[in-house]
Structures are given as C-alpha cells and as structure tokens.
Asks: 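Handing you a structure now.
What you see is a predicted model; the values in this text were computed from it and never measured.
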Amino acid sequence: MCDDRDTEVISPERRELLKAGIAMAAAPVVAVVAAAGPAQAQTGPDKTIKNVLIISASPRDEGNSDILCDEFLRGAVEAGHRAEKIRLSDQNINFCTGCCACISDPGSCVQDDDMAPILKKALDADVLVLASPVYFLTFNARMKNFIDRFCPIYTMVRDLDVYFIASAAGGKRSIDSIVDGYRVFTGCLYGARERGVIACTGVWDEGGVKGSRALREAFDAGRNV
C-alpha cells in the first residue's frame, strides 16, 4: 500500500478508506472470530443466482487445495450458480511495482497482464474463494502476489461472501495461521463476510486429499453459497 499523500485527485472518502485499509493490514491479528455458517441453498424460481470466483494458488495440477476448489466449483455449478475457477499458475501476473497509479485512478493498473480481467471478475463476484497450500504457516507467493495486485479495486469491492481453502502437511496450527493471513486481507474489503473454511491437514503428496471428508465439505460449501 502507499503512504497517504496530499493530492487533489483523491476524494476525502477514498482517502479515509485507504487509510483504514492500511491500518488494518498493519495491525496484528489478536482474535479469531467464528465465521457464520453458510446459508442453505435456495430452490425454486426465486433462487438467487450468484457469481462465484475461485482463486486457486496451487502450483500443482493435482494439488490438494486445487482439488478442493474443483469440488467447491462442482457444488456451486450443480446449485445453478455462475462459477469459475482461476488457477494463478496459468496466469501471467507481474509483481506490484508500488507505483501508486491505482490510488489516483482506482479500478485500473498500469500493468498490462492477466490481472486486469481477474479484477473485473472480482468486481462482479458475489462470492470469493481463496485457496492455497500452506507454505511456512501462510499462503504461498502466488496468492500473496494476487492480494498485492488487488490494490486497484480493494476499496471498490462491496459485501463479498468469502471462503478460505487450505491444505497442509502439518496440523491445526498451519490452518489457523494461514486463515489469520487470509483474514488480514479480507478485513480490508468493505462488508466482506467470512462464510467458511475448508481445510485438509496431514497431506503432502499430490492427490492426498482424495477420499477425505474435506471433499464433501468443499462440495457442500459450493452448493450452499
């Protein structure tokens, strides 16, 4: 994020949002708040169709967090929602350069890469799913880069439902830590509501999550977004 600067092109309202986001990102996580349970899927003609965007940071084709994404996607599609999974490893996304151009021109980035269409999809999303394997007790570099490049729109996003997916060779400590990291980011998004965490522990090899109850949990979460 950028330091607050005196410039006439930034409105007072946007300046306060930016300052609040910076302060929140810098603050340590001191408490874990239980997420509200997902609402039950609606049926019939009055069912609300949602746009579901799943961001998968797994670098492996059969990565365990990516497999959980597929199950979440399957559940959402089966329930009639518009859902898409984006694998960050398949995208050309540069690092944030810290130029701060997006501060004076919110919604756009000067870099011409694959992040531009992803940002547009994020603005249209009702549900955002963040998925990553655990690396050193947090999400991996691809997910961190995605979060950094989210800067042009993070004050524009409103009332997202968010889900976290994680896979770890370790245990509960690994999941608690990565979820804390996710929450620092989603806490900067206005009105974001955490709806659930789907995690699998004790898995190292590709496909290790197969046969676990986490698959069903991911599918059910997708159906009930």
Side-chain angles (χ1 to χ4, degrees), residues 35 38-39 41 47-94 113-135 138-150 153-154 157 159-168 175 178-179 181-182 185-186 189 192-200 203 205-225:
K47 174 182 173 181
T48 301
I49 304 300
K50 296 181 180 180
N51 293 322
V52 181
L53 181 62
I54 304 169
I55 302 297
S56 174
S58 176
R60 304 192 292 188
D61 291 337
E62 283 289 304
N64 294 299
S65 61
D66 195 62
I67 291 172
L68 292 176
C69 287
D70 287 339
E71 286 302 297
F72 193 106
L73 177 69
R74 188 168 69 88
V77 170
E78 184 171 299
H81 299 295
R82 292 182 289 267
E84 178 182 3
K85 182 186 79 169
I86 295 177
R87 281 179 49 85
L88 296 179
S89 61
D90 295 336
Q91 310 300 311
N92 176 32
I93 301 176
N94 300 321
D113 61 9
D114 292 337
M115 193 64 188
I118 297 176
L119 291 178
K120 292 179 181 178
K121 291 174 182 179
L123 285 172
D124 291 335
D126 303 299
V127 179
L128 178 65
V129 182
L130 302 175
S132 173
V134 176
Y135 286 13
T138 190
F139 37 73
N140 66 11
R142 291 188 187 278
M143 180 59 71
K144 179 59 169 70
N145 192 39
F146 167 81
I147 291 172
D148 290 346
R149 292 292 307 279
F150 209 84
I153 66 166
Y154 89 95
V157 170
D159 303 322
L160 271 177
D161 287 341
V162 295
Y163 292 80
F164 306 140
I165 291 177
S167 61
I175 302 304
I178 190 175
V179 168
Y182 282 139
F185 168 54
T186 59
L189 308 180
R193 298 173 294 265
E194 183 181 324
R195 293 304 191 188
V197 177
I198 304 103
C200 189
V203 290
D205 295 331
E206 289 180 285
V209 72
K210 292 179 179 178
S212 75
R213 67 181 183 182
L215 290 178
R216 184 67 195 189
E217 291 172 357
F219 175 80
D220 288 343
R223 280 197 89 247
N224 296 322
V225 294

Asks: Is it true that E62 and K210 make a salt bridge, defined as a side-chain N closer than 4.0 Å to a carboxylate O?
Replies: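 Salt bridge flag = yes for K210 with E62.
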Asks: Under 3.5 Å, is there a donor-acceptor pair between the side chain of D126 and the main chain of V52?
Replies: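 Not confirmed, D126 side chain does not pair with V52 backbone.
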Asks: Would you call K85 and D70 a salt bridge, using N to O less than 4.0 angstrom?
Replies: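 A salt bridge links K85 with D70.
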Asks: With a 4.5 Å cut-off on side-chain heavy atoms, are L88 and I55 touching?
Replies: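 Touching, per the 4.5 Å side-chain cut-off.
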Asks: List the residues meeting ring-ring contact (aromatic ring centres under 6.0 Å, His included) with F139, not counting sequence neighbours, and say none if there are none.
Replies: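 Expected list: Y182.
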Asks: If you look at every heavy atom in L53 and A125, which pair is closest and at what distance?
Replies: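 Smallest heavy-atom distance, with atoms named: CB-CB, 4.1 Å.
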Asks: How long is the gap from OG1 on T186 to CG on L160, to the nearest 0.5 Å?
Replies: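 Separation between the atoms: 9.5 Å.
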Asks: Taking the side chain from N140 and the backbone from M143, do they hold a donor-acceptor pair closer than 3.5 Å?
Replies: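 Flag set: sc N140 to bb M143 pair under 3.5 Å.
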Asks: Would you say the ring centers of F219 and F72 fall short of 6.0 Å from each other?
Replies: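 No, too far apart.
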Asks: Are any of the side-chain heavy atoms of R193 and D159 separated by less than 4.5 Å?
Replies: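 The answer is yes, as the side chains (C-beta and beyond) meet within the 4.5 Å cut-off.
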Asks: Between Y154 and L189, is a side-chain contact (heavy atoms from CB on, under 4.5 Å) present by the stated rule, with each step listed?
Replies: CA-CA 6 Å; Y154 89 95; L189 308 180; 3.9 Å; yes
Asks: Let me confirm one number: the CD-CD1 distance from Q91 to I118, rounded to the nearest 0.5 Å.
Replies: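 With rounding to 0.5 Å, CD (Q91) is 4.5 Å from CD1 (I118).
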Asks: When you measure from the side chain of R149 to the backbone of N94, do you find a donor-acceptor pair of N or O atoms at a distance under 3.5 Å?
Replies: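 Yes: the side chain of R149 pairs with the backbone of N94.
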Asks: Salt-bridged, D124 to K120, with N to O below 4.0 Å?
Replies: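 No.
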Asks: Measure across G207 and I67 and return the closest heavy-atom pair with its distance rounded to 0.1 Å.
Replies: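 Looking at all heavy atoms of both residues, the closest pair is CA-CD1, 3.8 Å.
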Asks: Give a yes or no on whether the backbone of V209 and the side-chain of N64 come within a donor-acceptor separation of less than 3.5 Å.
Replies: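 Yes; judged by distance alone, with no hydrogens or angles, the pair exists.
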Asks: With the side chain counted from C-beta on, respond yes when K50 and R82 share a heavy-atom pair under 4.5 Å apart, and no when they do not.
Replies: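 The answer is no; the side chains never approach within 4.5 Å.
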Asks: Assess, by modelled atom type and distance only, whether the side chains of R87 and S89 contain a donor and an acceptor separated by less than 3.5 Å.
Replies: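 Yes, S89 and R87 have a side-chain donor paired with an acceptor closer than 3.5 Å.
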Asks: Taking the side chain from N92 and the backbone from D114, do they hold a donor-acceptor pair closer than 3.5 Å?
Replies: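 Pair absent, no side-chain N/O of N92 close to backbone of D114.
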Asks: Please check if the side chain of N145 supplies one atom and the backbone of I93 the other of a donor-acceptor pair under 3.5 Å.
Replies: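 Yes: the side chain of N145 pairs with the backbone of I93.
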Asks: Got a second to check how far C69's SG is from I165's CD1, nearest 0.5 Å?
Replies: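 CD1 of I165 is found 4.0 Å from SG of C69.
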Asks: Looking at residues at least two apart in the chain, or sitting in another chain, which of them share a ring-ring contact (aromatic ring centres under 6.0 Å, His included) with F150?
Replies: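 Partners of F150 under the ring-ring contact (aromatic ring centres under 6.0 Å, His included) test: F146, F185.
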Asks: Do Y163 and V197 have side chains that approach each other closer than 4.5 Å (heavy atoms only, starting at C-beta)?
Replies: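 Answer no - side chains too far apart.
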Asks: Between atom CG of L128 and atom NZ of K121, what is the distance when rounded to the nearest 0.5 Å?
Replies: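 Answer rounded to 0.5 Å: 13.0 Å.
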Asks: Any side-chain to backbone donor/acceptor pair from H81 onto A76? Under 3.5 Å, distance only.
Replies: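 Between the backbone of A76 and the side chain of H81 there is no qualifying donor-acceptor contact (under 3.5 Å).
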Asks: I want to check something: taking the side chain as every heavy atom from C-beta on, are I178 and S132 in contact at a cut-off of under 4.5 Å?
Replies: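 Contact flag for I178/S132 side chains = yes.
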Asks: Find the distance between CG (L130) and CD1 (I147) and round it off to the nearest 0.5 Å.
Replies: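 Between atom CG of L130 and atom CD1 of I147 there are 6.5 Å.
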Asks: Can you measure from NZ (K144) to CZ (R142) and round to the nearest 0.5 angstrom?
Replies: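 It comes to 15.5 Å.
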Asks: Heavy atoms only: give me the nearest L68-A214 pair and the separation to one decimal.
Replies: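 So the two residues come closest at CD2-O, 3.6 Å.
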Asks: Could you report the tightest heavy-atom contact between V203 and S167, atom names first, then the distance?
Replies: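 Looks like CG2-CB, 4.2 Å.
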Asks: Do you know the tightest heavy-atom contact between V77 and A83?
Replies: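 Nearest pair, atom of V77 first, then A83: CG2-CB, 4.1 Å.
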Asks: Taking all atoms of both residues into account, what is the closest heavy-atom pair of G63 and E206, and its distance?
Replies: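 Scanning both residues, the minimum pair turns out to be N-OE2, 4.4 Å.
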